[in-house]
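Before any comments, here is the structure.
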Amino acid sequence: MDVGVVFQLDPPARRIVELARRAEAGGFSHVWSFDSHVLWQEPYVVYSAILAATERVVVGPMVTNPGTRDATVTASTFATLNELYGNRTVCGIGRGDSAVRTLGLPPIDLSHLRESVQVIRELANGRSVRFRGTDLQLPWVKDSALEVWVAAYGPKALALTGEVADGYILQLADLDITAWMIAAVRRAAERAGRDPLSIKICVAAPAYVGDDLAHQREQTRWFGGMVGNHIADIVRRYGDTGAVPHDLVEYIAGRKGYDYAEHGRAGHLGVDYVSDAIVDRFCVLGPADAHIAKLTALRELGVDQFAVYLQHDDMDHTLDAYASTVIPALR
């Protein structure tokens with residue numbers, strides 16, 4: 001199993017570049033970041049600095065969207081990074097959450113997302129594609145190679161992932177829900193005539209190594225609120241019909257809203273409806289042995305990469321503990 005790390009791009013950007021260097025030295029395979037240009041710094045500028053300062057790690061957004069970033073521009077950006085640094089990028093993409101909602105816009109519809117996956121992948125890999133009635137190709141692209149991984153929770157988005165994506169991103173680390181989601185993606189791939197096992201599976205969630213579980217929960221409770229935004233959209237559309245696991249529907253019953261100014265931050269006041277039990281299920285907390293056990297269980301479900309959301313008050317210790325103990329154990 002690969003292990004990646006996910007950062008919020010708070011300034012100073014040099015701090016993120018240094019953490020990425022340490023992550024590479026510690027055996028992490030990927031460096032991801034949020035892509036929400038109002039709330040945080042511009043990711044692709046930071047990616048270029050990370051790639052210049054490292055030799056091996058793959059970088060990309062978790063996740064971008066086709067609303068704030070035109071698909072042709074995104075394809076050109078990735079192809080340029082690949083030309084400069086040798087095919088060390090991956091495009092995580094979804095319908096959009098904070099990036100669009102902070103602009104007062106709704107998430108992008110699935111037909112637009114489907115088209116964008118195709119356009120980004122084809123153009124960034126040097127192939128031609130028809131887009132908005134025009135045949136397009138980036139004539140300067142020679143050897144670029146880019147995979148597009150889709151983030152999804154709802155049934156139609158999971159089906160789209162199985163039908164067109166190179167990888168699937170699930171932003172929570174609950175074992176039962178992960179198994180349910182992976183099965184849905186693989187069923188869709190099989191129906192589309194694809195090899196279900198060809199789709200890479202990435203689970204992403206906050207991880208905090210230490211012994212003070214109560215403190216760790218308070219530092220990561222925000223994540224249940226972030227996931228709750230997506231689940232609330234699905235419940236509004238489908239109700240409690242079995243379209244998603246009942247546990248996801250049940251836990252957001254007390255949700256009253258969400259303040260995007262506090263998005264992804266410890267101490268977010270609008271997430272008190274997220275119980276300790278949900279935090280424990282969605283995140284990876286406790287001493288290093290507990291992390292090894294949970295990640296081993298995820299690997300047995302078919303997860304190819306666990307991406308550590310490193311957004312709490314002890315980033316350095318958790319990064320070092322993964323490098324010294326967790327990653328070697330998984331190998």
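- Among residues two or more places apart in sequence or in another chain, the ring-ring contact (aromatic ring centres under 6.0 Å, His included) test is passed with F34 by W40, Y309.
- Every residue meeting the side-chain contact (heavy atoms from CB on, under 4.5 Å) condition with S48, not counting sequence neighbours, appears here in chain and number order: L81, Y85.
- The cluster map of Ile, Leu, Val, Met, Phe, Trp and Tyr, joined by side-chain heavy atoms under 4.5 Å apart, puts L39 and L103 in different clusters.
- Residues Q305 and W32 bring a donor and an acceptor atom of their side chains to less than 3.5 Å of each other.
- Under the rule for a side-chain contact (heavy atoms from CB on, under 4.5 Å), the partners of A329 that lie at least two apart in sequence or sit in another chain are I292.
- Residue pairs meeting the side-chain hydrogen bond (donor to acceptor under 3.5 Å, both in side chains) criterion with at least one partner in residues 54-63, sequence neighbours excluded, are T54-R88.
- Contact record, L170 with A152: CD1-O, 4.3 Å, taken as the closest heavy-atom pair.
- Between Y44 and Y47, the ring planes lie perpendicular to each other; the angle is over 60°, past the 30° to 60° tilted range.
- Counting non-hydrogen atoms of neighbouring residues, nucleotides and ligands closer than 6.0 angstrom, the CZ atom of R127 exceeds 12 such neighbours.
- Taken together through direct or relayed side-chain contacts under 4.5 Å among Ile, Leu, Val, Met, Phe, Trp and Tyr, I16 and V57 form part of one hydrophobic cluster.
- Using a distance-only test at 3.5 Å, with no hydrogens or angles considered, no donor-acceptor pair links the side chain of S98 to the main chain of S36.
- The side-chain contact (heavy atoms from CB on, under 4.5 Å) search around A13 returns Q41, V46, not counting sequence neighbours.
- Note on M226: it does not cluster hydrophobically with L105, by side-chain heavy-atom contacts below 4.5 Å among ILVMFWY residues.
- Contact check for R130 versus T134: no side-chain heavy atoms found under the 4.5 Å cut-off.
- Here L123 is tied into one hydrophobic group with V119, V129, F131, L136, L138, W140, V141, each link being a pair of ILVMFWY side chains closer than 4.5 Å.
- Contacts of R299 classified as side-chain contact (heavy atoms from CB on, under 4.5 Å), with partners at least two apart in sequence or in another chain: M1, T296, L330.
- For S128 and D135, the side-chain atoms include no donor-acceptor pair closer than 3.5 Å.
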Determine, stepwise, if the pair K200 / D166 fulfils salt bridge (charged side-chain N to carboxylate O under 4.0 Å, His left out). CA-CA 6 Å; K200 295 174 182 176; D166 299 303; over 6 Å; no

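- Rounded to the nearest 0.5 angstrom, K294 NZ and D289 CG are separated by 15.0 Å.
- Every ring-ring contact (aromatic ring centres under 6.0 Å, His included) that H312 has, sequence neighbours left out, goes to Y208.
- Annotation: D143, atom CG; neighbour count of heavy atoms from other residues, nucleotides and ligands within 6.0 Å does not exceed 12.
- Of all heavy-atom pairs spanning Q171 and A151, the tightest one is NE2-CB, 4.0 Å.
- Taking every heavy atom of both residues into account, P43 and L9 meet most closely at CA-CD1, 3.3 Å.
- Without hydrogens or angle criteria, D304 side chain to I201 main chain gives a donor-acceptor distance under 3.5 Å.
- One N or O on the side chain of T74 and one on the backbone of D70 form a donor-acceptor pair closer than 3.5 Å.
- The shortest heavy-atom contact between A205 and C283 is CB-CA, 4.4 Å.
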Carefully, step by step, assess R21 and E18 under the rule salt bridge (charged side-chain N to carboxylate O under 4.0 Å, His left out). CA-CA 5 Å; R21 287 169 56 105; E18 179 55 33; 3.6 Å; yes

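- Applying the side-chain hydrogen bond (donor to acceptor under 3.5 Å, both in side chains) test to every pair with at least one member in residues 172-190, sequence neighbours left out, gives these pairs: D174-R281.
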CA sep, side-chain torsions, deciding dist, call: V31, V58, side chain to side chain contact (heavy atoms under 4.5 Å, CB included): CA-CA 6 Å; V31 173; V58 175; over 6 Å; no

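- At least one side-chain heavy atom of C202 sits less than 4.5 Å from a side-chain heavy atom of M62.
- Using modelled atom types, one side-chain atom of N65 and one backbone atom of T68 make a donor-acceptor pair closer than 3.5 Å.
- L172 has its side chain within reach of Y153: a pair of non-hydrogen atoms, C-beta onward, lies under 4.5 Å apart.
- For F306 and F28, the gap between ring centers reaches or exceeds 6.0 Å.
- A salt bridge links D97 with R101: at least one charged nitrogen is closer than 4.0 Å to a carboxylate oxygen.
- In this structure, V6 and L310 have side chains that are not in contact, with every pair of non-hydrogen atoms separated by 4.5 Å or more.
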Given the rule in the side chain to side chain contact (heavy atoms under 4.5 Å, CB included) test, do L248 and I177 qualify, once you have shown the distances and angles that lead to the verdict? CA-CA 8 Å; L248 281 180; I177 294 171; 3.7 Å; yes

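- The heavy-atom pair separating A192 from E163 by the smallest distance is CB-CG, 3.9 Å.
- With a 4.5 Å cut-off on side-chain heavy atoms, V150 and I169 do not count as touching.
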Check step by step if side chain to side chain contact (heavy atoms under 4.5 Å, CB included) holds for V164 and Q118. CA-CA 8 Å; V164 303; Q118 179 77 358; 5.9 Å; no

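- The closest donor-acceptor contact from the side chain of Q216 to the backbone of G210 lies under 3.5 Å.
- Counting only heavy atoms from C-beta outward, the side chains of S116 and R69 never approach each other to under 4.5 Å.
- For Y322, the ring-ring contact (aromatic ring centres under 6.0 Å, His included) test picks out H291, with sequence neighbours left out.
- Put simply, the side chain of V284 does not reach to within 4.5 Å of the side chain of P206, judged on heavy atoms.
- Applying the side-chain hydrogen bond (donor to acceptor under 3.5 Å, both in side chains) test to T318 and every residue at least two apart in sequence or in another chain returns nothing.
- N82 pairs with exactly one of N125, L146, T77 by the side chain to side chain contact (heavy atoms under 4.5 Å, CB included) rule, that one being L146.
- Residue I327 is grouped with residue L319 when hydrophobic side chains (ILVMFWY) are merged at heavy-atom distances under 4.5 angstrom, including chains of intermediate members.
- Under the 4.5 Å side-chain contact rule for hydrophobic residues, I234 and F282 share a cluster.
- The ring-ring contact (aromatic ring centres under 6.0 Å, His included) test applied to F7 returns no partner, not counting sequence neighbours.
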Step by step, would you call D316 with R15 a salt bridge (charged side-chain N to carboxylate O under 4.0 Å, His left out)? CA-CA 11 Å; D316 292 278; R15 160 75 166 158; 2.9 Å; yes

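- Contact check for Y251 versus V274: side-chain heavy atoms found under the 4.5 Å cut-off.
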Kindly determine whether R221 and D276 satisfy salt bridge (charged side-chain N to carboxylate O under 4.0 Å, His left out), including the steps that lead there. CA-CA 8 Å; R221 197 175 306 277; D276 287 351; 2.7 Å; yes

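- When all heavy atoms of V90 and P61 are compared, the pair lying nearest together is O-CD, 3.4 Å.
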